[in-house]
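Down below is the structure, laid out as structure tokens.
The model shown is predicted, which means the values in this text are computed figures rather than measured ones.
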Amino acid sequence: MKTITYVTGNWAKVASAKQALDPLGYEINNIKLDTIEIQSDDVEEVSKYSAKWASEKLKCSVLTNDSGLFVEALNGFPGTYTRYVEETIGEDGLLKLLEGIENRKAYFKEVLAYCEYGKEPVIFSNITNGTITKEKHGEYGWSWDFVFMPDGETQTLGCFPDDERWKFWSQAAYKRLAEYLDEKENQNN
């Protein structure tokens, strides 16, 4: 099995990566390291910067991940500021901002950045589309899970236990990462 060093302290991100990459022959080696997170409106730039910084610090190839919740009626807010918004106004504050607004379309964008030591990062993105409900529902998960309803569903993510909730998140970026790494390995052999 090939190993990927995933720099994150988020157990859910590690679990998601393992679920996607283990069957493709990749083992996840998790390292918790507080990376520098630049202020940018672009999730891709934030993820790339973190990956490059972590790769230089650890002197090895790394994988980082940054994500954001983008609400159409709020011009993409909170976007890259999702964690800050979660820690300050939370889902109750987001619901308050959307009071009286009919357009509840939203999506989560997850950006994986893979960086080989001494090189520039390569990125792979996932998008999970859905809507923001008018009130919180559910007993599982955390934060946005109680107000985010994936397209095609009638319940929020918070209504599904961990082992079911994962199926709603796109795994395409992890698969593209594995294909990229396999292709690089084949070119080197």
*Is K2 close to D182 at the side-chain level, that is, under 4.5 Å between some pair of heavy atoms?*
yes

*asked:* Just so I know, are the side chains of E179 and E183 near enough to count as touching, which here means a heavy-atom distance under 4.5 Å?
replied: no

_Member of S50, P121, S55 meeting the side chain to side chain contact (heavy atoms under 4.5 Å, CB included) criterion with V62_ = S55

*For residues E91 and S143, determine if any side-chain heavy atom of one lies less than 4.5 Å from a side-chain heavy atom of the other.*
yes

*Relative to each other, are the rings of Y180 and Y114 parallel, tilted or perpendicular (30° and 60° limits)?*
perpendicular

_Pairing of K18 and E27 as salt bridge, 4.0 angstrom limit_ = no

*Taking only residues two or more places apart in sequence, or in another chain, which ones meet F77 in a ring-ring contact (aromatic ring centres under 6.0 Å, His included)?*
none

*Looking only at heavy atoms, what is the nearest atom pair of P78 and V85, with distance?*
CB-CG2, 3.5 Å

*asked:* Checking the side chain of T133 only, and the main-chain atoms of V147 only, is there a donor and an acceptor separated by less than 3.5 Å?
replied: yes

*asked:* Taking the basic N atoms (NZ, or NE/NH1/NH2) and the acidic carboxylate oxygens, is any pair closer than 4.0 Å for E45 and K48?
replied: yes

_Exam field: side chain T64 to backbone S47, donor-acceptor pair closer than 3.5 Å_ = yes

*For the side chain of R104 and the backbone of V71, is there at least one donor-acceptor N/O pair under 3.5 Å apart?*
no

*asked:* If you define the side chain from C-beta out and look only at heavy atoms, does anything of L94 sit under 4.5 Å from L69?
replied: yes

*Sorted by first residue and then second, give each salt bridge (Lys or Arg N to Asp or Glu O under 4.0 Å) pair with at least one member in residues 53-82; sequence neighbours left out.*
K52-E56

*Should L63 and V7 count as side-chain neighbours, where that means a heavy-atom distance under 4.5 Å?*
no

*Kindly give the heavy-atom pair with the smallest separation between Y140 and R165, and that separation in Å.*
CB-NH1, 3.5 Å

*Check against side-chain contact (heavy atoms from CB on, under 4.5 Å), K109 and S67*: CA-CA 5 Å; K109 183 173 186 179; S67 59; over 6 Å; no

*Can you name the ring-ring contact (aromatic ring centres under 6.0 Å, His included) partners of F70, sequence neighbours left out?*
Y107

*Pairwise side-chain contact, Q39 with Y81, heavy-atom cut-off 4.5 Å (strictly under)*: yes

*Charged N to carboxylate O below 4.0 Å: is that the case for K134 and E102?*
yes

*asked:* Taking CG in D162 as the centre, count heavy atoms belonging to other residues, nucleotides or ligands within less than 6.0 Å. Is the count above 12?
replied: yes

_With a 4.5 Å cut-off on side-chain heavy atoms, are K136 and D92 touching?_
yes

*Does any N or O in the side chain of N29 come within less than 3.5 Å of the main-chain N or O of I4, such that one atom is a donor and the other an acceptor?*
no

*Between V111 and E44, what is the shortest heavy-atom contact and its length?*
CG2-CG, 3.8 Å

*Would you confirm whether the ring centroid of F168 sits within less than 6.0 angstrom of the ring centroid of F160?*
yes

*So, D145 side chain and L157 main chain: donor-acceptor pair closer than 3.5 Å or not?*
no

*Do H137 and Q155 come within less than 4.5 Å of each other through their side chains, counting heavy atoms only?*
no

_If you compare all heavy atoms of D22 against all heavy atoms of I28, which two are closest, and at what distance to 0.1 Å?_
OD1-N, 4.5 Å

*asked:* For W169, is there any backbone N or O sitting under 3.5 Å from a side-chain donor or acceptor partner on T128?
replied: no

*Determine the minimum heavy-atom distance between A17 and Y6, stating which atoms define it.*
CB-CE1, 3.4 Å

*What's the verdict on ring-ring contact (aromatic ring centres under 6.0 Å, His included) for W144 and F108, showing C-alpha distance, side-chain angles and the deciding distance?*
CA-CA 10 Å; W144 312 114; F108 274 100; 7.6 Å; no

*Counting distance only, does the side-chain N/O of N30 pair as donor-acceptor with the main-chain N or O of V14 below 3.5 Å?*
no

*Please check if any side-chain donor atom of E110 sits under 3.5 Å from a side-chain acceptor atom of N65, or the reverse.*
yes

